Amino acid sequence: MKLGERERATLARVVETFVPDSDPVSTADHIVHDLVAVGRPKLVADLALFLRLIEQPIVNLALLATPRRFSRMTRADRERYLLRWGDSPVGLRRTAFQAAKRLALFFAYAASDGTANPLWERVGYGRPALDAPAAPAVHPRRVADDDELGADAIVVGSGAGGAVAAAELARAGRKVVVLEQGALTQETEFDGRESAGAARLFWDRQLLATDDLAISVFAGRTVGGGTVVNWSTSLRLPADIREEWRKAGLDGMGDELDGHYDAVEARIDVDSDESELNGQNAALARGLDAAGVSWRVVPRNVKGCGDCGHCGYGCRRGAKQSTMRTYLPDAIAAGGVLVPECHVDRITTAAGAVTGVEATFVDGRKIAVHGPVVVLAGGAIGTPALLLRSGLGGHEVGRSLHLHPVPPVPAVYDEPIRLWSGPPQTVMSDAYAWLDGAYGFRLEVPSALPGVLAASFPWRGAVEHSERMRELDHVAVIIPIVRDREAGRVMIDRAGRPIVRYRVRGMAARHCVRAIVEAAYIHLAAGAREAFTLHTRPLAVRRGDDLAAFAREVERRGIVPNRVAVFSAHQMSTARMGGRRDAVADPEGRVRGVRGLYVADASGFPSASGVNPMLTVMALARRNAVRILASG
């Protein structure tokens with residue numbers, strides 16, 4: 001579906017209302033282009049419906065007591081009108097407001113054709129000078145129309161799990177083909193541009209969200225997967241969660257897993273030698289010290305890290321030891337074949353065993369790859385979607401989705417912070433990780449650029465939002481990583497595309513509330529002059545305020561969909577391994593009910609990891625690959 005000229009004109013008026021100083025027509029064009037490029041017609045249809053509704057006088061009579069079209073209202077009336085949607089008790093209206101707000105603000109502040117966005121100067125942001133790009137380390141296979149591909153093992157996905165499994169299998173002499181739905185983006189293309197990086201490197205161009213838009217979901221979709229876009233945090237699974245997984249049926253969670261961790265850490269250069277504290281990591285450490293809360297330096301998989309701070313959109317200098325720099329070259333050097341821009345549609349089977357996969361290239365060409373082993377490593381969204389399209393894995397596929405919900409808390413400091421500069425994540429506190437047994441939250445900081453920040457900050461009017469953005473280079477953000485017990489689900493639509501359903505509730509909701517309060521306190525302890533929440537109606541707390549009253553109000557509001565911004569960068573547990581009947585795969589990663597099909601990504605986690613999952617995905621993928629080889 002496409003937007004007509006009338007809907008585009010209304011969209012430009014919406015953008016102008018949210019960001020009067022933007023180029024509303026250009027921003028509206030960016031929005032339409034990216035929504036169409038995502039390939040989910042419902043997103044475009046929902047936007048078109050919203051734009052048509054707000055131009056209906058009878059609808060506006062009910063909402064604003066004035067029978068006027070949105071486009072013919074004064075700017076003040078348009079602001080009040082949009083806030084009626086955002087504050088509505090009706091969930092669908094709040095969803096529509098959040099969609100319009102995020103799209104308008106993200107593209108207004110993120111878009112760049114290579115030159116500086118006119119809005120950047122006022123917020124104190126400037127792109128760093130570009131380093132000379134590292135030499136490409138990965139060379140894919142170009143597949144012709146008449147190619148027949150066969151393999152001893154087909155690996156679906158090239159991220160943390162897929163690349164490690166491919167390298168181990170190829171090193172042992174197996175003929176390996178790696179199929180990756182994302183494109184290969186080389187270091188020369190890592191230019192720090194937010195909108196371009198989002199489009200190239202993330203699932204749904206960084207617009208992926210739960211089906212009600214209440215949680216923004218960041219997931220890599222490129223050669224190298226999440227290891228290309230993450231912030232290099234490399235943490236081992238805590239001892240109590242290892243024990244929890246052992247009770248769920250996974251063996252080897254002690255010395256054996258440590259051996260795999262050791263091997264992975266050596267290959268991707270995990271250490272804390274380059275974990276320097278940038279402005280907001282230093283603020284977090286200072287606040288934790290002042291509050292008497294313990295913290296530690298985060299080990300990271302980098303070699304030659306610099307001060308660019310834009311590694312969430314790829315490391316131009318090749319310092320981040322992603323799988324694109326490590327395990328994928330290892331697999332190719334051992335004879336493996338990498339095929340990018342190739343979406344696996346279904347797994348083929350015969351007589352209860354895997355026979356291969358059927359896939360489609362981005363240009364529409366079809367291909368069949370034959371082989372007796374298929375390793376699933378498309379992530380906790382892609383793997384269950386493929387299993388569901390193939391009718392494999394049983395009724396538990398896609399269930400038990402964990403997201404580590406994150407309710408960010410920003411604060412304004414007197415000194416410049418420039419949270420987009422320097423190593424992104426080098427301080428972590430796990431002092432709150434055991435509030436209820438092994439459940440609680442850990443405190444970290446993010447790396448973020450103006451588009452994501454503008455879209456996340458509360459909007460109560462264009463002037464107020466603009467004033468907040470003018471303080472952007474003095475803002476630090478604390479992100480609580482909440483270990484969730486309650487689960488969501490990944491399903492597929494009629495076209496086989498994944499749908500993410502999840503709601504923060506129960507223990508996770510209580511811990512999100514506690515995390516918001518503690519993060520605000522730590523900001524103030526660090527010297528911030530004001531911390532504020534990301535509620536639609538934000539709460540601010542300043543030095544000398546009644547902190548108990550602030551905490552009570554955060555608790556009263558709770559975590560209601562589309563009333564407070566929540567994010568996720570960790571998706572897990574949708575094709576769980578274990579010994580229980582509700583496990584999709586057995587303890588060695590073999591999908592039940594079909595021979596030759598294995599899981600080697602975060603979808604196989606029995607429950608939420610509680611810490612950033614990359615290193616554990618890689619260690620478990622190595623474990624499972626070694627066991628595949630041992631089984632012959």
Side-chain angles (χ1 to χ4, degrees), residues 1-60 63-64 66 68-88 92-113 117-119 194-196 198-199 204-209 212-213 216 450-452 454-457 459-463 465-466 469 536 562:
M1 180 178 181
K2 296 183 179 179
L3 262 64
E5 290 303 314
R6 189 170 295 177
E7 286 88 2
R8 283 176 178 263
T10 303
L11 179 57
R13 185 67 80 178
V14 170
V15 172
E16 181 188 39
T17 308
F18 281 114
V19 201
D21 296 332
S22 66
D23 180 341
V25 173
S26 175
T27 301
D29 287 344
H30 273 288
I31 292 170
V32 174
H33 174 270
D34 274 47
L35 284 183
V36 171
V38 164
R40 293 178 181 266
K42 185 177 184 300
L43 294 178
V44 181
D46 287 349
L47 178 60
L49 176 61
F50 168 72
L51 295 172
R52 288 195 295 269
L53 280 175
I54 65 176
E55 286 291 279
Q56 296 296 319
I58 192 169
V59 172
N60 298 340
L63 283 176
L64 201 64
T66 178
R68 301 178 66 188
R69 300 179 187 277
F70 179 82
S71 59
R72 295 181 181 175
M73 296 178 190
T74 66
R75 188 165 68 85
D77 283 344
R78 293 199 308 270
E79 288 192 352
R80 285 193 292 270
Y81 176 83
L82 289 174
L83 288 171
R84 289 279 187 93
W85 285 74
D87 295 333
S88 174
L92 287 175
R93 289 180 181 168
R94 297 199 305 273
T95 298
F97 169 82
Q98 291 296 339
K101 172 218 168 194
R102 294 174 199 167
L103 289 169
L105 291 167
F106 175 77
F107 285 100
Y109 279 91
S112 167
D113 60 3
N117 183 315
L119 297 176
E194 187 174 12
S195 59
D204 283 1
R205 305 170 80 88
Q206 211 173 356
L207 301 177
L208 182 65
D212 63 355
L213 303 189
S216 297
V452 166
S456 306
F457 284 3
W459 187 90
R460 302 305 299 174
V463 171
H465 187 273
S466 178
M469 290 298 291
T536 305
N562 289 306

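The structure presented is a predicted model; accordingly, all values stated were derived computationally and were not measured.
Under the 3.5 Å distance criterion, the side-chain polar atoms of Trp459 are left unmatched by any main-chain donor or acceptor of Lys101. In this structure, the side chain of Ser456 engages the main chain of Val452 through a donor-acceptor pair within 3.5 Å. Listed for the Thr95 side chain is a donor-acceptor partner under 3.5 Å among the backbone atoms of Asp212.
Taking each heavy atom of Ala100 and Val14 in turn, the nearest pair found is CB-CG1, 4.3 Å. Closest of all the heavy-atom pairs between Pro24 and Ala12 is CB-O, 3.3 Å. When all heavy atoms are compared, the tightest approach of Ala99 to Leu213 is CB-CD1, 3.5 Å. Contact between Thr536 and Gly86 at its shortest, heavy atoms only, is CG2-O, 3.8 Å. The two residues Ser112 and Ser195 have their closest heavy-atom pair at N-OG, 3.7 Å.
Under the side-chain hydrogen bond (donor to acceptor under 3.5 Å, both in side chains) criterion, Arg102 pairs with Asn562, not counting sequence neighbours. With sequence neighbours left out, Asp21 forms a salt bridge (charged side-chain N to carboxylate O under 4.0 Å, His left out) with Arg122. Judged as a side chain to side chain contact (heavy atoms under 4.5 Å, CB included), and not counting sequence neighbours, the contacts of His30 are Ser26, Phe107, Ala111. Applying the side chain to side chain contact (heavy atoms under 4.5 Å, CB included) test to Ala454 and every residue at least two apart in sequence or in another chain returns Leu105, Tyr109, His465, Met469. With sequence neighbours left out, Arg6 forms a side chain to side chain contact (heavy atoms under 4.5 Å, CB included) with no residue at all. Listed by chain and residue number, Glu79 satisfy the side-chain hydrogen bond (donor to acceptor under 3.5 Å, both in side chains) test with Arg75 (two or more places apart in sequence, or in another chain). The side-chain hydrogen bond (donor to acceptor under 3.5 Å, both in side chains) test applied to Asp29 returns Arg8, not counting sequence neighbours. Taking the salt bridge (charged side-chain N to carboxylate O under 4.0 Å, His left out) definition, one finds that Glu55 meets it with nothing, sequence neighbours left out. For Asp23, the side-chain hydrogen bond (donor to acceptor under 3.5 Å, both in side chains) test picks out no residue, with sequence neighbours left out. For Asp34, the salt bridge (charged side-chain N to carboxylate O under 4.0 Å, His left out) criterion is met by Arg205, not counting sequence neighbours. For Ala9, there are no side chain to side chain contact (heavy atoms under 4.5 Å, CB included) partners, not counting sequence neighbours. Arg69 is linked by a salt bridge (charged side-chain N to carboxylate O under 4.0 Å, His left out) to nothing, counting only residues two or more places apart in sequence or in another chain.
If you take OG1 on Thr17 and CZ on Arg13, they are separated by 7.0 Å, rounding to the nearest 0.5 Å. The line from CG of Leu53 to OG1 of Thr10 is 11.0 Å long, rounded to the nearest 0.5 Å. Interatomic distance, Phe50 CZ to Arg93 CZ, rounded to the nearest 0.5 Å: 11.5 Å. The CG atom of Leu47 sits 9.5 Å away from the CZ atom of Arg52 when rounded to the nearest 0.5 Å. The OG1 atom of Thr27 sits 8.0 Å away from the CG atom of Asn117 when rounded to the nearest 0.5 Å. Expressed to the nearest 0.5 Å, how far OG of Ser71 lies from CG of Leu51 amounts to 10.5 Å.
By the 4.5 Å heavy-atom criterion applied to side chains, Leu103 and Leu11 are not counted as neighbours. Inter-residue side-chain proximity for Arg40 and Leu208 is flagged as met; some heavy-atom pair is nearer than 4.5 Å. Between Asp77 and Phe70 the shortest side-chain heavy-atom distance does not fall below 4.5 Å. Side chains of Met73 and Asn60 form a contact here, defined as non-hydrogen atoms less than 4.5 Å apart. Inter-residue side-chain proximity for Val19 and Leu119 is flagged as met; some heavy-atom pair is nearer than 4.5 Å.
A salt bridge is absent between Arg80 and Asp87; no separation between the charged side-chain nitrogens and carboxylate oxygens falls under 4.0 Å.
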